[in-house]
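Everything on this sheet refers to the single structure shown next.
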Amino acid sequence: MSTLDPRFDPAAIEADIFAAWQQAGAFRQRPAADDTAARDALSPEIAEPYVITIPPPNVTGSLHMGHALNNTLQDVLIRKNRMAGRPTRWVVGTDHAGIATQNKVEQKLAKEGLTRFDVGREAFIEACWEWRREHGGRIIQQLRAMGCSCDFDDEWFTMNESYQRAVREVFVDWYRAGLIYRGTRIINWCPRCTTALSDIEVEHQDKDGKLWSIDYPLTDPVDGIDHITVATTRPETMLGDVAVAVHPDDERYRALIGSTVVLPLMNRAIPIIADEYVDPAFGTGAVKITPAHDPNDYEVGERHGLEQINVLDERAFVNENGGKFAGLERDLARKAVLYELQQAGYLSDSTPHTHAVGVCYRCGTAIEPWLSDQWFVDMKPLAEPAIQVVRDGRVRFTPTRWENVYYHWMENIRDWCISRQLWWGHRIPVFYCTACGWHDALKTDETICPQCGAPLVQDEDVLDTWFSSQLWPFATLGWPAPFGADTPAELAFNYPTSALSTARDILFLWVARMIMSGLYFAGDIPFSDVIIHPTVFNKEGKRMSKSLGTGVDPLDLMADYGADGMRFGLMLQVTGVQDLRFNEEKLLKSRDFANKIWNAARFVLMNAAGEYVPTLADVSDAAQLADRWILSRLAGLARRVDAGIDAFEFGEVTRELFDFAWTEYCDWYIELAKGRLAAEGEAAAQVRRVLLFVLDTFLRLLHPFMPFITEAIWQKLPRPAGTDAGADLPQQLITAAWPDVAALGSLVDADAERRIQLLQAVVTALRSTRARYGLSPRKPLAVLVRTQDATDVQLLQAVADQISTLGHASDFAVGTDIEKPAHSAVTVAAGLEIYLPLEGLVDFAAERARLEKERAQLSADAAKLEKKLSNPGYLAKAAPEIIEKDRARAAETASALAAVDAQLTELD
RNA sequence: GGGCGAGUGGCGCAGCGGGAGCGCAGGGCCCUUACAAGGCCAAGGUCGGGGGUUCAAAUCCCUCCUCGCCCACCA
């Protein structure tokens, strides 16, 4: 009674299944955080909630391969824990993505010939909200298509009202605590985005440039020296030079310290100073000092009380301080400055020089180190406790090596520039009196100065997007309500969250900061596990990039392979290594795998014949070797999958599931079942029960990885009503019980696992002998098996029918006293000697060649083992079970060798 | 300048102290009534080079080579 099509079509089922899950409320936390009575009723081992807050994708984003991988992985964890009965919740939402969103809206305005200044701040922000309403839901929709079981009824946005309160609370708190301050510093400035960036938002690229040498003439020659030559990679900044620095111990220049030089082109007298910062071995050993355009020069300038002359404007054009170069864009200014220097004879040398150029992580424009007023967070006091929780093991990294990366950054942490000269974002809640100079950070907007009554104005800048992102694990759980009596139930129950899974490139931008702010504001770690998943590269090992055309779109993949195929194929490729070279072949195999399971289910359903899915007790008394074998394998699989998911070993678990289903359940168990099903009666009923039981349990284990197909099949399995899920829930796999690994342990049967090899050896001998001699696979052959083990005789007799079915044996005989018939092919395996009489069917020259080859292999193995077993050091030091195993192997090899030798003799 | 990761059959990758595995490609046979997106069989590797530790090394240590990534203010 098959209700399944012979070919699995993902598109036909995915949307309906997803809708059914959502309709059933399967994604909601059960019991809800505020349902204390229900929570108290949970048994202790599942009472602990399992919570993940999704790394919020940019609201401008579209699903890419990194998302596909990361969200599959999180969904696996969520689904497994949900099935295990824990109150599970996956918090979903998007990030307002300051620069990215602002860029989108500015591009839209540009099409109408407008800039943001034309429309004004208010209207621009409204346009951003409008953009979000129109396009911001795309990536959430794509998560649904993937089958992600997030709590979509409670979607968050880093700019929604409650979130804004959280950001403001944090700012004011840190401000009051003295952790947020304003200062004039050299910061990273993106002249295209016209905003400051933090240090970690700058990417460094090696660029081929030049190191130019410029002669600065001395005002008054010293000992016949009339100039000093400085080396620079950025000649245009010389317009803002205020000194030349040399190392105090540099003999070449010692006499010049304290002299003045005339700055070429600007005709300004500037001093030669001594500073340890200068490396005498680099360049000419003399450095031009431009405090407004280089962080090191700024430091030097501070030490020596030098002026700071800013020669570039916010778009990196030379400003009025640049003399006749004013108005030139920085690259043009460089050319012009070099030309003028050369014309005037100041340019003495240029050599090729590669150096790291900082570029904006959002737009790729070269960063300008620029002097300006910005807001900063003092990070050291926040970093210390955040380092400690990792040292204490309260926050664990997977793979653990990332802990060292974390420590290194945290121990060398620098202050965080949090102000951005943007409009889209959380506006800095600092208010200034227009009259008396009063200013403060305020939790609510005020218009009148509390000191003098004059109007207040708010700071123009907004906060770094990551300033709000860092609050994600607790702001999405209802913070800020004060802790203690008024703590929202949701926060108290769900915080700290369980695991955070993310890409390595935001370890500092986001993960580290969540730990710091979580400890500070929510009073505890934000999550106990940080999973750093591999970065997805393309087949050539290159970064996936839309603009470069090196990317693969997960939506296209889902269309071709189904959501399940994409998920499983990605999981197959996960390892503990840093990189993942995406291989589409794995998706093809995953789709095939889905089809394989689909058809296995078809077979089982066609043969279910009135049986319900049995309980563990119903299959525990299975007597047949094959049954005990598959049940034992299933128990082992369940144990490994259960532990593997908990240990975040996604790749290994996926491969285990694949191998079990395909090789063991389909290739062997189902094939073995066919003959027994035909027999009918109790024997057939038992096979049906085992088939159903294994399929049911396997679908549960596979569900976190392939949610759609497993749900579709599982719902077709025959079972009495009300046997799974809560009474108020529909019968769905998503909320069905996770297999009880401990109970399944009773099915482990090491003997059965070993003995099934006997059967496989006989069947394989039949198949390969036929293949070797070009006999039709269906040509019936008689089989005789000799073994010294009486138990093996019984076992093989019990499965004689199945050997006949799988191997197309005509006659089957097994015993301790079997004699080899004349003209037989002999196979020695699993301690058995398997004889296939081939009188008149084959050319024995080929058989001789084969046996010679096998003999060579066997005697090499035997020699190796013998050498090992006669080594006194080995016998003295190796573990007893290893020696035992090797002895058994040696005995087996020796008897196989003897058998092959005997066979060769007979062929003569 | 520091740090991390990778180098295993033609290709893509597992394995990470005790018998070299998987998928794909290639070869042979099979439409066997769940699945040809399938089944069966066979072939294919001195686990980057060198040294060391160990009874035992693809697996641990050292070193070198080749790739990739991260951090770092050297003009």
Side-chain angles (χ1 to χ4, degrees), chain A residues 2 4 6-8 186 200 204 211 230-234 237 245 277-279 281-290 294-299 353 355-356 369 399 401-402 404-405 408-409 412 504-505 507-508 534-535 537 539 541-543 561 572-573 575-586 588-589 591-607 651-652 655 658-659 663 666-667 670-671 674 763-764 766-772 774-778 805-806 808 861 864-865 868 871-879 881-883 885-886 889 893:
Chain A
S2 171
L4 302 179
R7 190 170 278 204
F8 171 56
I186 294 266
I200 42 180
H204 295 274
L211 188 64
V230 300
T232 182
T233 55
R234 294 206 59 197
T237 62
Y277 153 70
V278 180
D279 176 3
F282 187 88
T284 60
V287 187
K288 59 191 269 315
I289 299 298
T290 322
D294 183 282
N296 297 308
D297 292 8
Y298 180 82
E299 298 288 323
H353 184 247
H355 60 128
R401 80 182 105 83
W402 292 106
N404 289 327
V405 179
H408 183 257
W409 189 73
N412 297 285
R504 63 174 186 254
D505 52 357
L507 179 60
F508 308 140
T535 304
F537 292 96
K539 209 168 179 177
K542 296 277 184 287
R543 207 162 208 105
Y561 306 101
L572 275 174
Q573 297 176 59
T575 70
V577 161
Q578 291 185 147
D579 302 343
L580 185 162
R581 287 195 183 194
F582 177 70
N583 185 351
E584 197 164 331
E585 280 172 3
K586 298 279 186 190
L588 193 66
K589 204 62 208 169
R591 184 197 60 180
D592 295 351
F593 181 60
N595 192 241
K596 187 77 178 172
I597 294 162
W598 184 260
N599 277 287
R602 277 184 78 214
F603 174 83
V604 173
L605 288 170
M606 283 163 81
N607 289 285
E652 289 90 304
R655 291 184 281 271
F658 181 94
D659 289 342
T663 311
C666 291
D667 287 350
I670 287 184
E671 292 308 318
K674 285 176 179 173
V763 171
T764 301
L766 277 156
R767 288 170 176 168
S768 69
T769 301
R770 276 200 196 85
R772 190 166 356 112
L775 303 173
S776 162
R778 317 207 59 173
T805 309
L806 295 189
H808 294 290
D861 287 352
K864 214 161 115 187
L865 282 163
K868 194 172 176 184
N871 181 337
Y874 167 77
L875 294 170
K877 295 184 183 178
E881 62 271 22
I882 295 293
I883 296 175
K885 209 170 130 193
D886 282 340
R889 271 180 57 213
T893 307

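By convention in this document, chain letters (A, B, ...) are assigned in the order of the sequence lines, proteins followed by strands, and residues within each chain are numbered from 1. Bear in mind the structure is a predicted one, so any value in this text is a computation, not a measurement. In what follows, every heavy atom counts, from backbone to side chain, and hydrogens, waters and symmetry copies are set aside.
- If you check every strand for non-hydrogen atoms under 4.0 Å, A:Lys885 touches nothing.
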- request: Determine, for nucleotides 28-37 of chain B in 5'-to-3' order, which nucleotides have protein heavy atoms under 4.0 Å from the base (write B), from only the sugar-phosphate (write S), or from neither (write -).
  value: -S--S-BB-B

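- Counting heavy atoms from C-beta on, the side chains of A:Thr237 and A:Asp294 never come closer than 4.5 Å.
- Contact annotation for A:Arg234: no contact, since no heavy-atom pair falls under 4.0 Å across all strands.
- By the side chain to side chain contact (heavy atoms under 4.5 Å, CB included) test, A:Asp505 pairs with A:Ala503, A:Arg543, sequence neighbours left out.
- In this structure, A:Thr575 does not reach the B:C13 phosphate: none of its side-chain N or O atoms is under 4.0 Å from OP1 or OP2.
- Dashed line: the shortest gap from a side-chain N or O of A:Arg889 to OP1 or OP2 of B:G19 is under 4.0 Å.
- Per the geometry, CG belonging to A:Leu580 stands 14 Å off P belonging to B:A6, to the nearest Å.
- With rounding to whole Å, A:Phe282 atom CZ is found 12 Å from B:C73 atom C1'.
- Distance, A:Leu572 CG to B:G23 C1': 9 Å, rounded to whole Å.
- Separating the C1' atom of B:U8 from that of B:U66 is a span of 16 Å, rounded to the nearest Å.
- The shortest distance between side-chain heavy atoms of A:His808 and A:Pro777 does not fall below 4.5 Å.
- Comparing the C1' positions of B:G50 and B:A58 gives an interatomic distance of 16 Å, to the nearest angstrom.
- Taking every side-chain heavy atom of A:Arg581 into account, B:C13 is the closest of B:C41, B:G18, B:C13.
- In this structure, NZ of A:Lys586 is placed 9 Å from P of B:C13, rounded to the nearest angstrom.
- Within the nucleic acid shown, A:Val230 has no heavy atom closer than 4.0 Å to any nucleic acid atom.
- The two atoms that bring A:Val278 and A:Gly285 nearest to each other are CG1-O, 3.3 Å, heavy atoms only.
- Residue-level contact check: A:Val287 touches the bases, meaning some heavy atom is under 4.0 Å from a base atom.
- A parallel orientation is assigned to the rings of A:Phe508 and A:Trp409, their planes being inclined by less than 30° (bins at 30° and 60°).
- Nucleic acid contact class of A:Gly576 (heavy atoms, under 4.0 Å, all strands): none.
- Using a 4.0 Å heavy-atom distance criterion, A:Arg770 is classed as making no nucleic acid contact.
- To the nearest whole angstrom, the two C1' atoms, one in B:G1 and one in B:A56, are 40 Å apart.
- When the P atom of B:G38 is taken as reference, atom CZ of A:Phe593 falls 13 Å away, rounded to whole Å.
- Using a 4.0 Å heavy-atom criterion, one finds that A:Thr290 contacts no nucleic acid atom at all.
- Heavy-atom distances to RNA chain B give each of A:Gln573 and A:Val763 a nearest nucleotide, and the one nearer the 5′ end belongs to A:Gln573.
- In this structure, A:Ala876 reaches neither bases nor backbone, as no heavy-atom distance under 4.0 Å exists between it and the strands shown.
- Taking atom CG on A:Asn412 and atom P on B:G3, their separation rounds to 14 Å, with Å as the unit.
- Residue A:Arg401 places its side chain closer to B:C4 than to any other of B:C4, B:G68, B:A75.
- Side-chain atoms of A:Val405 and A:Arg401, non-hydrogen and from C-beta on, never get closer than 4.5 Å to each other.
- Using a 4.5 Å cut-off on side-chain heavy atoms (C-beta onward), A:Tyr874 and A:Asp886 make contact.
- Here A:Asn871 lies in heavy-atom contact (under 4.0 Å) with sugar-phosphate atoms only.
- The CH2-P distance, from A:Trp402 to B:C69, rounds to 13 Å in whole Å.
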Secondary structure of RNA chain B in dot-bracket form (Watson-Crick or G-U wobble, distances below 3.5 Å, | marking inter-strand pairs): ((((((((.[[[[.)..(..]]]]..((((.......))))......[[[[[..)....]]]]])))))))....

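- Distance check on atom C1': B:G49 versus B:C13 gives 23 Å, rounded to whole Å.
- At a threshold of 4.5 Å between non-hydrogen side-chain atoms, the residues A:Glu671 and A:Asp667 do not count as touching.
- What separates CG of A:Asn404 from P of B:G3 is a distance of 12 Å, to the nearest Å.
- Side chain of A:Gln573 to main chain of A:Leu580: no donor-acceptor pair is present (N/O by atom type, distance under 3.5 Å, no hydrogens or angles).
- The cationic atom of A:Lys674 (NZ for Lys, CZ for Arg) lies less than 6.0 Å from the six-membered ring centre of A:Phe603 and within 45° of the ring axis.
- Residue-to-nucleotide proximity on RNA chain B shows that, of A:Lys589 and A:Leu875, the 5′-proximal contact is made by A:Lys589.
- Of the possible polar contacts, one joining the A:Arg655 side chain to the A:Leu572 backbone as a donor-acceptor pair under 3.5 Å is found.
- Distance from the side chain of A:Phe658 is smallest to B:G23 among B:G12, B:A75, B:G23.
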